[in-house]
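Accompanying notes for the structure given below.
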Amino acid sequence: RLDPTGEPVLPGDGGLVELRPGDRHMWVQQEGVAVEGRWQDGRETRWVTGTGFVKHQWGRLYNDDLDGFQWFSFDLVGGGGLSIAWLAADGMLGVEGSRAMLTTSGGEIVEIPVSQLKITPTRTWTSRRSGSPWPVAWRIEGAGLDLEIEAGRDDQELWTFPAPVYAGPARVRGTLLGEAIDLPAFIEQAGAKRPFGRALFHSRAP
């Protein structure tokens with residue numbers, strides 16, 4: 001069961017986000033969602049409670065010029081959160097269309113200029129199955145951020161059509177706008193090994 005505790009966050013123009021000419025999509029996310037339920041693992045039942053995060057994007061998201069996509073997000077104590085959508089090209093450098101958003105406890109969106117950010121992978125893990133060298137730890141610097149993010153475990157590759165993605169829990173530590181943080185986070189990435197996105201446009205639907 002997922003129960004929203006606040007209003008949905010709509011980046012861009014009321015949820016309409018244009019990455020670059022011809023690439024626009026709708027984006028809505030819900031932060032600080034109260035979660036409760038159960039996890040069935042064979043004969044073992046685990047009852048869980050916690051805080052969740054829901055993000056939905058639809059439309060044309062990528063084009064053939066991009067090498068990949070990285071997503072970092074975490075909720076802040078007291079409400080709100082930080083989300084960074086990092087579109088990568090030329091060696092996983094952030095390019096036009098990348099976004100960084102700080103949501104206040106009152107639901108206000110504060111855009112962080114991505115031109116002031118530097119995101120550097122500091123450690124990689126290579127999947128035996130796909131051969132992809134996934135980053136599993138990063139340093140994020142600039143615009144009041146000095147953060148280190150590391151995956152909860154190295155092997156978080158999801159084998160999906162038409163290409164694998166990497167997603168799962170992480171930990172973020174450092175300072176955010178002068179305040180020290182040590183929080184659970186979520187990471188998602190695709191395109192660690194090219195081609196990225198092309199099969200989505202040149203293949204039939206799965």
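In this text, all values refer to a predicted model and were calculated from it rather than measured experimentally.
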Heavy-atom check, side chain of Phe72 versus side chain of Val172, under 4.5 Å: no

Rounded distance (nearest 0.5 Å) linking atom CD of Gln29 with atom CD1 of Ile109: 7.0 Å

May I ask you to test the Trp125-Glu157 pair for a side-chain heavy-atom distance under 4.5 Å? yes

Distance in Å, Asp182 CG paired with Glu148 CD, rounded so as to fall on 0.5 Å steps: 11.0 Å

If two hydrophobic side chains count as joined below 4.5 Å and joins carry through other members, does Val54 share a cluster with Phe74? no

Close side-chain approach of Asp154 to Arg123, heavy-atom, < 4.5 Å: yes

Give, for atom CD1 of Ile149 and atom CD1 of Ile140, the distance between the pair rounded to the nearest 0.5 Å. 3.5 Å

Side chain of Gln30, backbone of Asp3: donor and acceptor closer than 3.5 Å? no

If you count the non-hydrogen atoms of other residues, nucleotides and ligands that lie under 6.0 Å from CD in Glu7, is the total more than 12? no

More than 12 heavy atoms from other groups under 6.0 Å of CD on Glu179: no

Any side-chain heavy-atom pair from Ile84 and Trp138 closer than 4.5 angstrom? no

Interatomic distance, NZ@Lys55 vs CH2@Trp27, rounded to 0.5 Å, equals 6.5 Å

Could you check whether any side-chain N or O of Ser127 sits under 3.5 Å from a backbone N or O of Arg129, counting only pairs where one atom can act as donor and the other as acceptor? yes

Compare all side-chain heavy atoms of Leu10 with those of Met26 and state whether any distance is below 4.5 angstrom. no

Phe53 vs Ser83 side-chain heavy atoms within contact, under 4.5 Å: yes

When you compare the side chain of Leu76 with that of Leu102, does any pair of heavy atoms fall below 4.5 Å? yes

Verify side chain to side chain contact (heavy atoms under 4.5 Å, CB included) between Thr51 and Glu31, making sure each step is shown before the conclusion. CA-CA 9 Å; Thr51 302; Glu31 302 170 342; over 6 Å; no

Taking the side chain as everything from C-beta on, heavy atoms only, tell me whether Met101 gets closer than 4.5 Å to Glu111. yes

Rounded to the nearest 0.5 Å, how far does OH of Tyr166 lie from CD of Glu188? 12.5 Å

Stepwise side chain to side chain contact (heavy atoms under 4.5 Å, CB included) test for Ile187 and Gln156: CA-CA 10 Å; Ile187 56 175; Gln156 295 186 144; 4.3 Å; yes

In Å and rounded to the nearest 0.5 Å, what is the CD1 to CZ distance from Ile181 to Arg171? 9.5 Å

Indicate, with yes or no, if Trp58 and Leu16 share a hydrophobic cluster defined by side-chain heavy-atom contacts under 4.5 Å among Ile, Leu, Val, Met, Phe, Trp and Tyr. yes

Ignoring hydrogens and geometry, is there a side-chain-to-backbone donor-acceptor pair from Gln40 to Gly42 under 3.5 Å? yes

Any donor-acceptor N/O pair, Thr124 side chain to Pro133 backbone, under 3.5 Å: no

